[in-house]
**Q** 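One structure coming up, written as structure tokens, with questions to follow.
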Amino acid sequence: MKAMRNAFAVGLLATLVASPLAAITGREVMEKADAVPEPKTSMSQVQMDLVDKNGTVQSRMMLEYGREPEDLKDIVIIFQSPASVKDTRFLQKDKAGGGSDKWIYMPSLRSTRRIAASEGDKSFMGSDATYDDLSGRELDDYEYELLSESESKGKWTTYKVECTPKPTTDSQYSKLVTWIDHDTFVPVYTEMYDKDGKLLKELEVMDLQVVGGYQTPMLNELRNVQTGHSTKLTIKQIKVDLALPDRIFTTNFLNTGK
């Protein structure tokens, strides 16, 4: 399942089982969302704003590379500023059949380490996204219910879908509720519920633009409603379908930066 059209968008979609009377089933909605075209490669400059409950903002600049060979997403993120995170580099490579491998290079240690599966619920670089949030999910990992065929969500007219992990699916959430835009089939709003069934996080697309023929969320906000902390991601520049060397998507690149 595709992520949120950038590194944090995290694989929050799933399949649905709708009422027999529905004109479209939840599964069909999510299949259409999963089929929204994405660029084969991308390079973007992204600003990450970490906002605490008092409104204090810490800004970070990142360079992000992405590619999608054979429907498997590879992502590299290079932190450029501030000095405290400069030259931190992150690599994620999706695996056939679901899940992904992740590595991070910490300049203070001058070494790259693999992110263990047990660290999936840990924060990615102080943001409200966890390592698992960055990974895609397979459609068949979830069961679904179509809650509404037409519901207004901000400026969008959407399908509303409840996504519940199957018992065999390892998930940090008890369920997701996502709103899918009627016109583009892009997920524009998602609620994530903790293991106790309480709302934990909200993910909102605040600016959706067409870039190179692709629907691209230029501004996303991930809010932790339990802590009051939020993460805002703004794409400052983006180029799509350009030639990217294979060496970028390797642990050697993490170690050397070249």
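Hydrogens, waters and symmetry mates play no part in the numbers below; they use all other heavy atoms, side chains included. Bear in mind the structure is a predicted one, so any value in this text is a computation, not a measurement.
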**Q** About how many Å separate CZ of F124 and CG of L134, when rounded to the nearest 0.5 Å?
**A** 6.0 Å

**Q** Between S44 and Q237, does any side-chain donor sit less than 3.5 Å from a side-chain acceptor?
**A** no

**Q** Without swapping roles, check the side chain of N54 against the backbone of T56 for a donor-acceptor pair under 3.5 Å.
**A** no

**Q** Are R223 and E221 within salt-bridge range, i.e. N to O under 4.0 Å?
**A** yes

**Q** Under the 3.5 angstrom rule, does the side chain of T169 hit a backbone N or O of P167 as a donor-acceptor pair?
**A** no

**Q** Heavy atoms, side chains only, cut-off 4.5 Å: are L208 and V186 in contact?
**A** yes

**Q** Would a single hydrophobic cluster contain both M206 and V211, if residues Ile, Leu, Val, Met, Phe, Trp and Tyr are joined by side-chain heavy-atom contacts under 4.5 Å?
**A** no

**Q** Parallel, tilted or perpendicular: which one describes the rings of Y159 and H182, with boundaries at 30° and 60°?
**A** tilted

**Q** Measure the CD-OG1 distance between E151 and T157 for me, rounded to the nearest 0.5 Å.
**A** 10.0 Å

**Q** Can a donor-acceptor pair be found between the side chains of D49 and S59 at a distance below 3.5 Å?
**A** yes

**Q** Are V29 and V36 grouped together when hydrophobic residues (ILVMFWY) are joined by side-chain heavy atoms under 4.5 angstrom apart?
**A** yes

**Q** What are the two closest heavy atoms between I104 and M125, and how far apart are they?
**A** CD1-SD, 4.0 Å

**Q** Taking D94 for its side chain and L72 for its backbone only, find out whether a donor-acceptor pair lies under 3.5 Å.
**A** no

**Q** How about T178 and Y189: do any of their side-chain heavy atoms sit closer than 4.5 Å?
**A** no

**Q** Starting at NZ of K232, measure out to OG of S127 and round the result to the nearest 0.5 Å.
**A** 15.0 Å

**Q** Work out which heavy atom in N220 is nearest to a heavy atom in P217; give both atom names and the distance.
**A** OD1-CB, 3.4 Å

**Q** Among the clusters formed by ILVMFWY side chains lying less than 4.5 Å apart, do V240 and I75 turn up in the same one?
**A** yes

**Q** For the CG atom of D34 and the CG atom of L139, what is their distance to the nearest 0.5 Å?
**A** 4.5 Å

**Q** Could you verify whether a donor N or O on one side chain and an acceptor N or O on the other, from D52 and H229, lie under 3.5 Å apart?
**A** no

**Q** Could you report the tightest heavy-atom contact between T190 and M192, atom names first, then the distance?
**A** O-CE, 3.9 Å

**Q** Going through the checks in order, is the side chain to side chain contact (heavy atoms under 4.5 Å, CB included) test met by V188 and T158?
**A** CA-CA 9 Å; V188 293; T158 67; 4.0 Å; yes

**Q** Parallel, tilted or perpendicular: which one describes the rings of F90 and Y131, with boundaries at 30° and 60°?
**A** tilted

**Q** How long is the span from the CD atom in E191 to the NZ atom in K160, to the nearest 0.5 Å?
**A** 7.0 Å

**Q** Does a donor on one side chain and an acceptor on the other come within less than 3.5 Å for N255 and T112?
**A** yes

**Q** Is the closest side-chain heavy-atom distance between D141 and P165 below 4.5 Å?
**A** no

**Q** Let me see the working for Y214 and D241 under side chain to side chain contact (heavy atoms under 4.5 Å, CB included), right down to the final yes or no.
**A** CA-CA 10 Å; Y214 303 100; D241 290 337; 2.6 Å; yes

**Q** Assess the residue pair M30 and I180 against the criterion (side chain to side chain contact (heavy atoms under 4.5 Å, CB included)); give the C-alpha distance rounded to whole Å, side-chain angles, the decisive distance to 0.1 Å, and a yes or no.
**A** CA-CA 8 Å; M30 301 313 294; I180 308 293; 4.2 Å; yes

**Q** Could you tell me whether Q172 atom CD has more than 12 heavy atoms of other residues or ligands within 6.0 Å of it?
**A** yes

**Q** With rounding to the nearest 0.5 Å, note down the distance linking NZ in K32 to CZ in F185.
**A** 5.0 Å

**Q** Does R60 reach the side chain of L50, with side-chain heavy atoms less than 4.5 Å apart?
**A** yes

**Q** Out of the candidates K102, R113, R114, only one should pair with E119 under the salt bridge (Lys or Arg N to Asp or Glu O under 4.0 Å) rule; please name it.
**A** R113

**Q** P107 and T88: which non-hydrogen atoms are nearest, and at how many Å?
**A** CD-OG1, 3.5 Å

**Q** Using the side chain to side chain donor-acceptor pair (under 3.5 Å) criterion, which residues pair with Q45? Sequence neighbours excluded.
**A** Q80

**Q** Heavy atoms, side chains only, cut-off 4.5 Å: are L233 and M62 in contact?
**A** yes

**Q** Can you find a pair of side-chain heavy atoms, one from K201 and one from L222, that are under 4.5 Å apart?
**A** yes

**Q** Could you tell me if the side chain of V46 sits less than 4.5 Å from the side chain of K236, heavy atoms only?
**A** no

**Q** Whether D246 and R67 form a salt bridge (side-chain N of Lys/Arg under 4.0 Å from carboxylate O of Asp/Glu) is what I want to check.
**A** yes

**Q** Side-chain donor-acceptor pair under 3.5 Å between Y173 and K195, yes or no?
**A** no

**Q** Assess the residue pair T216 and I238 against the criterion (side chain to side chain contact (heavy atoms under 4.5 Å, CB included)); give the C-alpha distance rounded to whole Å, side-chain angles, the decisive distance to 0.1 Å, and a yes or no.
**A** CA-CA 10 Å; T216 306; I238 183 170; 4.1 Å; yes

**Q** With a 3.5 Å distance limit and no angle check, can you tell me whether N224 reaches the backbone of S230 through a side-chain donor-acceptor pair?
**A** no

**Q** Donor-acceptor pair, distance only, cut-off 3.5 Å: does the side chain of D194 make one with the backbone of K198?
**A** yes

**Q** Just by distance, no angles: are the side chains of S100 and S135 close enough, under 3.5 Å, to form a donor-acceptor pair?
**A** yes

**Q** Determine, for D74 against K93, whether the closest basic-nitrogen to carboxylate-oxygen distance falls under 4.0 angstrom.
**A** yes

**Q** In the hydrophobic clustering that connects Ile, Leu, Val, Met, Phe, Trp and Tyr at side-chain heavy-atom distances below 4.5 Å, which members other than M43 occupy its cluster, ordered by chain and number?
**A** L63, Y65, V76, I78, L91, W103, Y105, L242, L244, I248, F249, F253, L254

**Q** If the threshold is 4.0 Å, N to carboxylate O, is there a salt bridge linking R27 and E31?
**A** yes

**Q** Can a salt bridge be assigned to the pair K40 and E68 using a cut-off of 4.0 Å between side-chain N and carboxylate O?
**A** no

**Q** If we only count heavy atoms from C-beta on, is the V177 to L147 side-chain gap below 4.5 Å?
**A** yes

**Q** Any idea which heavy atoms bring Q209 and D207 closest together, and the distance?
**A** NE2-OD2, 2.8 Å

